[in-house]
Amino acid sequence: MANEWRLPGSTRSTSITNLTLCSKQAKRKWRYKFKFLDLYKEKECLWMENHKDFLNFELKDEVWEQLAQEMCCPERPHPKPDKWRHLVIKWRYNVQLEQLRKQEAKHFDKLSEMPRKLRYSDRLQFLIKHTFDRKKNVQAVTPVARTPEPLTSPPQESLAAKCMRLGRCKSKLHTSFGQKLRTMEKIRNKRCGRMCLSPEALHRIL
């Protein structure tokens, strides 16, 4: 891409040598963008996760508006905070991708085949370092000794559950056919016994 033209070597992006081969218009453009990166670095609440106001989104919106106002110039009189947000995301992604490619080339001993260094890579190193070092700034959490939970008695079984359980246990018992016949005979005799008439009742009927 034309606006991301790169030079070989490891010279800093802010050095005069890095802008020597550029035209006057390109130099003005890059100095303008480098100014934005300097302002962005000063606004730590926009990029430092450990900052107390990192999750204060209303304040961050105000900071972005202020930053966009500071970037206004006669050629660009209207502030565009969304433009600068997208630019940071894009450049940060490109720099992280460059770091990964560099590690891969170093692993396979192919550093000589690396593409040219991004012009803004050195300016965004504070973001890369913060990404890898932010865990060191987090205070260690002391483990809290847990007190053993008191032993609780098992929940009491309800009457319905007990009946169902006993019914299932009884249904599993094997009952012989003869026993079933004897049980049915007892039930029939019991019912018939209730229907028998007394001698007096039979005499009245006759």
Side-chain angles (χ1 to χ4, degrees), residues 1-140:
M1 298 173 61
N3 59 346
E4 295 180 4
W5 184 81
R6 293 169 284 186
L7 286 172
S10 60
T11 55
R12 291 186 60 81
S13 57
T14 55
S15 64
I16 300 177
T17 308
N18 207 8
L19 299 174
T20 302
L21 301 178
C22 298
S23 62
K24 292 183 179 180
Q25 183 179 2
K27 289 179 181 179
R28 286 197 303 270
K29 179 186 69 174
W30 281 109
R31 288 189 181 117
Y32 179 71
K33 291 183 177 179
F34 291 161
K35 174 187 174 183
F36 160 71
L37 291 178
D38 291 338
L39 293 174
Y40 178 73
K41 184 178 180 180
E42 294 175 359
K43 317 294 184 183
E44 294 183 349
C45 65
L46 298 179
W47 53 271
M48 185 178 291
E49 288 88 343
N50 298 332
H51 196 276
K52 62 178 182 178
D53 295 324
F54 181 74
L55 298 178
N56 190 346
F57 300 106
E58 295 182 359
L59 176 62
K60 291 172 69 174
D61 290 339
E62 296 178 1
V63 174
W64 275 113
E65 290 288 346
Q66 179 184 357
L67 195 152
Q69 289 285 350
E70 295 181 19
M71 291 303 299
C72 290
C73 61
E75 299 176 357
R76 302 173 183 84
H78 303 291
K80 298 179 180 179
D82 291 337
K83 168 190 172 183
W84 299 113
R85 290 183 192 221
H86 297 159
L87 184 64
V88 168
I89 296 173
K90 175 184 175 182
W91 282 6
R92 185 171 186 171
Y93 171 79
N94 291 338
V95 172
Q96 289 177 340
L97 184 61
E98 184 184 54
Q99 292 284 336
L100 293 176
R101 288 175 177 172
K102 184 177 180 181
Q103 292 177 3
E104 182 181 5
K106 186 177 180 181
H107 178 73
F108 292 101
D109 197 14
K110 295 182 179 180
L111 289 175
S112 58
E113 301 178 9
M114 278 286 296
R116 295 177 179 179
K117 189 176 182 180
L118 292 168
R119 185 181 296 276
Y120 48 83
S121 178
D122 291 334
R123 284 278 183 150
L124 287 175
Q125 288 302 312
F126 70 95
L127 289 178
I128 306 302
K129 292 180 180 179
H130 172 68
T131 302
F132 289 102
D133 297 342
R134 60 188 175 186
K135 292 184 179 181
K136 298 180 181 179
N137 299 327
V138 179
Q139 295 181 356

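Below, each value reflects all heavy atoms present in this structure, side chains not excepted, and no hydrogens, waters or symmetry copies. Bear in mind the structure is a predicted one, so any value in this text is a computation, not a measurement.
Between Y40 and F126, the two ring planes are tilted [angle within 30° to 60°].
Between W91 and L37, some side-chain heavy-atom pair lies under the 4.5 Å cut-off. L127 has its side chain out of reach of Q96: every pair of non-hydrogen atoms, C-beta onward, lies at least 4.5 Å apart. Using a 4.5 Å cut-off on side-chain heavy atoms (C-beta onward), F36 and E70 make no contact. No side-chain heavy atom of K33 sits less than 4.5 Å from a side-chain heavy atom of Y120. L67 places a side-chain heavy atom less than 4.5 Å from the side chain of L46.
The salt bridge (Lys or Arg N to Asp or Glu O under 4.0 Å) search around D53 returns none, not counting sequence neighbours. Contacts of E65 classified as salt bridge (Lys or Arg N to Asp or Glu O under 4.0 Å), with partners at least two apart in sequence or in another chain: none. For E62, the side-chain contact (heavy atoms from CB on, under 4.5 Å) partners two or more places apart in sequence, or in a different chain, are L59. Evaluation of the side-chain contact (heavy atoms from CB on, under 4.5 Å) rule for K83 yields R76, K80 as partners, not counting sequence neighbours. For E104, the side-chain contact (heavy atoms from CB on, under 4.5 Å) criterion is met by F108, not counting sequence neighbours. For Y32, the ring-ring contact (aromatic ring centres under 6.0 Å, His included) criterion is met by W84, not counting sequence neighbours.
Closest of all the heavy-atom pairs between R92 and L124 is N-CD1, 4.0 Å. Nearest heavy atoms, C72 versus P79: SG-N, 3.6 Å. Residues M114 and R101 approach most closely at SD-O, 3.6 Å, considering heavy atoms. In terms of heavy-atom proximity, A68 sits nearest to P81 at CB-N, 3.8 Å.
Interatomic distance, CD of E75 versus CZ of R28, reported as 6.5 Å (0.5 Å rounding). In this structure, C45 SG and W64 CH2 are separated by 9.5 Å, a value rounded to the nearest 0.5 Å.
Surrounding CG of D109 are at most 12 heavy atoms belonging to other residues, nucleotides or ligands under 6.0 Å away. Crowding of K43 atom NZ: a count of heavy atoms from other residues, nucleotides or ligands under 6.0 Å exceeding 12.
Between the side chain of E98 and the backbone N or O of L118, at least one donor-acceptor pair lies under 3.5 Å. Formation of a donor-acceptor pair under 3.5 Å by the Q99 side chain with backbone atoms of V95 is not found in this model.
Ion pairing of D38 with R31 is absent here, as no side-chain N (NZ or NE/NH1/NH2) approaches a carboxylate O to less than 4.0 Å.
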